[in-house]
Amino acid sequence: MSFRLNFRGWAVDNAGVDQVSRPMQIAFVAVVLLAGMWFTVLKPKPASSPAPVATAAPVAPGVAGLTRAVDKAKAASATSDATNAKIQQASGGAAAATPAKKAAKPAAAKTATPAKPAAVTKAVTPAPVKKPAAVKIPADPSTALINFLAKGKTVVLLFHGAGADDAAARKAVHQTALKDKGVVSAYADISKVADYAAITTDINITTAPTILVIGTNGKTTLLTGYVDAGVVGQAVGDARRNAAAAAKSKK
């Protein structure tokens, strides 16, 4: 017996046919579709069964045109490759291969540099022996004082020690030189008498303090022991007068 499903929404009009409700119709269709999918897609395939023969998949709308375009592009590429092959054959084949690089030259064996002979040590020239420095003889301080005599000055030279009389004599000489601009004063320790040899050679000086008053004519007056500025000043005056008289008598 054949029958058709009623999908049009109204009751079946054929006499003698039972009516089937809509839900039952839908359930029946679903069972049929599930059974078909089971046998075609969902049914697991045995591992040893041969690979099924691939059937041509239905071509979706628009895919056919794209496939034809791809085929045309492949054909054009093949034609271009064939043309390039002909051109290469006509021009002597493929582009000349880059010549192989020249084999690297074997590194030249380095010639061992002969060792330099040891430098000959020069004979050491002995340093010249330095001559002993000449002993400098200190200048006689008397020379400067004698030069002042030549300029018309009266020289007052004190040889002193460390006593009270020595201090008084030093003060007296100093005051005389400050008061009289024609006097040049000098001081030396009693131990330095020999250094003034140009003045003291003919004079016996043994005690301190000793004052020498020297006039421009070279005459010397000795003052020993305690003295003050008055005594020294008087001796200076006497020395000047004696020098003036000696100079006058020579004329």
Side-chain angles (χ1 to χ4, degrees), residues 112-251:
T113 304
K116 294 182 179 179
V120 179
T121 304
K122 295 183 179 179
V124 178
T125 304
V129 179
K130 293 183 179 179
K131 295 181 179 180
V135 178
K136 292 183 179 180
I137 301 174
D140 188 343
S142 299
T143 304
L145 298 177
I146 292 173
N147 290 336
F148 280 113
L149 292 175
K151 295 177 182 179
K153 300 289 185 179
T154 302
V155 174
V156 179
L157 174 58
L158 168 64
F159 291 101
H160 61 84
D165 291 348
D166 299 281
R170 187 181 185 96
K171 181 178 181 181
V173 172
H174 181 67
Q175 289 177 347
T176 301
L178 288 177
K179 185 178 180 180
D180 192 339
K181 300 301 181 183
V183 175
V184 174
S185 62
Y187 311 90
D189 191 90
I190 190 66
S191 62
K192 304 294 183 182
V193 173
D195 294 343
Y196 292 81
I199 296 175
T200 61
T201 299
D202 298 329
I203 302 173
N204 186 19
I205 301 174
T206 58
T207 61
T210 297
I211 299 174
L212 304 181
V213 179
I214 309 170
T216 56
N217 60 348
K219 297 294 182 176
T220 303
T221 301
L222 272 68
L223 302 174
T224 60
Y226 175 81
V227 294
D228 57 14
V231 175
V232 176
Q234 183 177 351
V236 169
D238 293 341
R240 281 191 183 134
R241 285 188 290 271
N242 293 333
K248 188 175 182 179
S249 64
K250 289 181 180 181
K251 289 181 179 180

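The chain is numbered in sequence order, starting from 1. Below, all heavy atoms of this structure are taken into account, side chains as well, without hydrogens, waters or symmetry copies.
- Pairs engaging residues 231-250 under the ring pair (Phe, Tyr, Trp, His ring centres under 6.0 Å) rule: none recorded [sequence neighbours left out].
- Between R241 and D238 there is a salt bridge, since at least one side-chain N of the basic residue sits less than 4.0 Å from a carboxylate O of the acidic one.
- For the atom pair CD of Q175 and CZ of R170, the computed distance is 13.0 Å after rounding to the nearest 0.5 Å.
- Here the OG atom belonging to S142 is positioned 8.5 Å from the CG atom belonging to D195, to the nearest 0.5 angstrom.
- Atoms OG1 and CG, from T207 and N204 in turn, are 9.0 Å apart once rounded to the nearest 0.5 Å.
- We find the NE2-NZ distance between H174 and K179 to be 14.0 Å, quoted to the nearest 0.5 Å.
- Across all non-hydrogen atoms, the minimal contact from A177 to S185 is CB-OG, 3.7 Å.
- Of the candidates L145, V236, L149, L149 is the only one forming a side-chain contact (heavy atoms from CB on, under 4.5 Å) with I214.
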**OP:** In sequence, state the C-alpha distance, the side-chain angles, and the governing distance for V173 and V183, and then conclude on side chain to side chain contact (heavy atoms under 4.5 Å, CB included).
**Re:** CA-CA 10 Å; V173 172; V183 175; over 6 Å; no
Original post:
When you look at L212 and V156, which way does the side chain to side chain contact (heavy atoms under 4.5 Å, CB included) test go after all the steps?
Top reply: CA-CA 6 Å; L212 304 181; V156 179; over 6 Å; no
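- Considering CD1 of I146 and CD1 of I199, their distance stands at 5.0 Å, rounded to 0.5 Å.
- Heavy atoms only, all atoms of each residue included: P209 and L158 are closest at CB-CD1, 3.9 Å.
- Closest of all the heavy-atom pairs between K153 and T216 is O-CG2, 3.5 Å.
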Scan the side chains in residues 217-235 for donor-acceptor partners under 3.5 Å anywhere in the protein, sequence neighbours excluded, and list what turns up.
unit_1, atom_1, unit_2, atom_2, d
N217, OD1, K219, N, 3.2
D228, OD1, G230, N, 3.3
D228, OD1, V231, N, 3.0

Original post:
I190 and H160: side chain to side chain contact (heavy atoms under 4.5 Å, CB included), yes or no, with the steps?
Top reply: CA-CA 5 Å; I190 190 66; H160 61 84; over 6 Å; no
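- In this structure, the separation between OH on Y196 and OG1 on T143 is 10.5 Å, given to the nearest 0.5 Å.
- Residue Y187 places its OH atom among more than 12 non-hydrogen atoms of other residues, nucleotides or ligands, all under 6.0 Å distant.
- Minimum interatomic distance between D189 and F159 (heavy atoms only, all atoms of both residues): O-CD2, 3.8 Å.
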